[in-house]
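Residue numbers begin at 1 in each chain, while the letters A, B, ... track the order of the sequences.
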Amino acid sequence: MGMVSASTLRRWQYLLGIVLIVVLGIHLAFRWPSYEQSISYPVVVNQILNYGYIAAIYILLYAALAHGLIGFRTLLLELWHWKYARITVDVVLIIIGVAVAVIGTIALTGAILTLAH
Amino acid sequence: MSSQQTGTALQTTAATEKITITKPPLGSPIRRTYVFKVKRYDPERGGGYYWREYKIELTNHETVLDGLIKIKWHQDATLSFRYSCRMGICGSCGMIINGVPRLACETKPYDLGTEVVTIEPLSNFEPIKDVATDFSDFFRKHRSVKPWLIRKDETEQFEKLETYYPQTEEQLNEYLEFAYCIKCGLCYSACPMVFLNKDYLGPQALAQAYRWSADNRDEGAVLRLKVVDSENGVWSCHYSGTCSKVCPKDVDPALAINLLKNWLLTGRRRR
Amino acid sequence: MAQQKQVKRVPPKWSLWFRGGLDEWLLIFQKVSGAILVIYLIAHTLVISTALGFGHPSELTWNTVIGFVEGPHVAGPAHVGTIIEYLIALLAAVHGGANGFRLILTQYFGVGLPRPERHTFPRAVPSVKKSGQAWLKYVAIIVVIIFLILATLVAFVW
Ligand code: SF4
Ligand code: FES
């Protein structure tokens, strides 16, 4: 990612961090009042059909992935000094990120479509 | 410190005016015996670091550096360390004293309050011999941020020499704090990120990048910001502030680095 | 200098980081928790995707997968998985609360960044220790403690 300057990446990192505080807060608030009940199937179906919550989950998925992988990239590049470290780390992390994002999107969208009918 | 002792106060009387000037009492120095535990390294000897202990008597006015010099004269001529000014201005005598990076010429064993004084070469630096460490990486990083006055018009700056670059008191205050740096490397030695990321420019170089960029006579900020805007530049800093806590000149490099970050993120220097 | 170096540079003393504030520990904590959280995030997404049958949810798959990751019961209503989730949520809260939010505020918005000034030498107060930043840390600690209490109630009591 030679095109993006480190400060641009960092600006995204910080903005995503602020977004995450909100959406992760929503995600955790939906464990209220009991964690065990909140993950039983009927409640989960209810949550998936709650469009406000599901919007937060979509944002959470992408924001957390981006924020986490940018941070992980920083960490790896600090520890690993090799001529091709940057390009290797970038390629591997982008592949992982895109793969996880696609899987998550398919599962979530599919679940919504199935349950809505 | 409570190093003021009782003693005969010297009194000087100026004859012309009837004023009595009292010099501060010097007192008789307090002598104590200290054990200097020195972490040594000799590339010709082989076998890595080893420890040596020296017993040495010092007064409350003498510094760790004085002790080391005495050891070199009277006990062990092979002990190596670097020093020059003996008054905290050249930045040569940095070493880890009792676990903290300090200038040996500014630290008195009496003030440390311990009987055993451990002396180690600066962390984060490659040792050369004993307490003397290799500063070439440190100075290479310092050079890389272009720590000098950059003007767009070089003929005016170097050849015609007709223009003055005036500066007001306020403009001076924008960077003066960071201009006190003596390049002693204590901040670099204390920084956890320098250890983690060996290519990190380090607090000293980054503080100088800010010092020159914040100077109203300078026009090279763009060039320097390009150098420091990288994973190995300001973004390796996590504001732990260890550099500022150990700096003998109170330069506060952590503040300079975070002002640089703020500059990069917002696009203008915070005033 | 033809000699081969037999020793490496040494890290700064850990004891140095106990002096004057815990800022250095926040840094280390942020790195470690960040690495754990990103691995958890990937695993969590994949597990939930599987539990949702990759878009074909059914009560059976959900119960099998979640039952598997939750593991056996320990102490009252809580499972092994509950405890893991609890710890992860806590880690996330402290990760953001401890250093992340402070860095965002100081670096982006310049909160608590003092102006450079003519200091009274020697022993000026470094910017990390000035009150402008101290309150940030106290706020972070208070928020984390409130979160801790709520999370404990949700996971283990109700
Ligand atoms: S900033 Fe302070 S500790 Fe660092 S090199 Fe300069 S004088 Fe030494
Ligand atoms: S000998 Fe010059 S700073 Fe100590």
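- With chain A as partner, the option from C/Leu52, C/Ile104, C/Ile39 having the largest number of non-hydrogen pairs under 4.5 angstrom is C/Ile104.
- Heavy-atom distances place the side chain of A/Thr114, and not its backbone, under 4.5 Å from chain C.
- With a 4.5 Å cut-off on non-hydrogen atoms, A/Gln13 does not touch chain C at all.
- Of the two parts of A/Ser40, only the backbone, made up of N, CA, C and O, holds a non-hydrogen atom closer than 4.5 Å to a non-hydrogen atom of chain C.
- Top candidate by heavy-atom pairs under 4.5 Å with chain C, chosen from A/Ile112, A/Ile39, A/Leu28, is A/Ile39.
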Please report the C-alpha distance between C/Thr45 and A/Leu61 in whole Å, then the side-chain angles of each, then the deciding distance to 0.1 Å, and finally whether the side chain to side chain contact (heavy atoms under 4.5 Å, CB included) criterion is met. CA-CA 8 Å; C/Thr45 313; A/Leu61 175 62; 3.6 Å; yes

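- If you measure heavy-atom distances from A/Leu115 to chain C, the contacts under 4.5 Å come from the side chain alone.
- A/Leu76 does not touch chain C: none of its heavy atoms, backbone or side chain, sits under 4.5 Å away.
- Heavy atoms closer than 4.5 Å to chain C are found in the side chain of A/Phe72, but not in its backbone.
- In terms of heavy-atom pairs under 4.5 Å with chain C, the best-connected choice from A/Ala64, A/Ser38, A/Gly71, A/Gly17 is A/Ala64.
- Using a 4.5 Å cut-off between heavy atoms, C/Leu46 contacts chain A through its side chain alone, with no backbone atom that close.
- A/Val45 does not touch chain C: none of its heavy atoms, backbone or side chain, sits under 4.5 Å away.
- Taking every heavy atom of both residues into account, A/Leu75 and C/Ala35 meet most closely at CD2-CB, 3.9 Å.
- With a threshold of 4.5 angstrom between heavy atoms, C/Thr50 does not approach chain A through any atom at all.
- No part of A/Leu113 comes within reach of chain C, as not one of its non-hydrogen atoms sits under 4.5 angstrom from that chain.
- The local environment of NE2 in C/His56 is sparse, with at most 12 non-hydrogen atoms from other residues, nucleotides or ligands closer than 6.0 Å.
- Using a 4.5 Å cut-off on side-chain heavy atoms (C-beta onward), A/Ile106 and C/Ser49 make no contact.
- Every residue was checked against the salt bridge (charged side-chain N to carboxylate O under 4.0 Å, His left out) condition with C/Arg9, not counting sequence neighbours, and none meets it.
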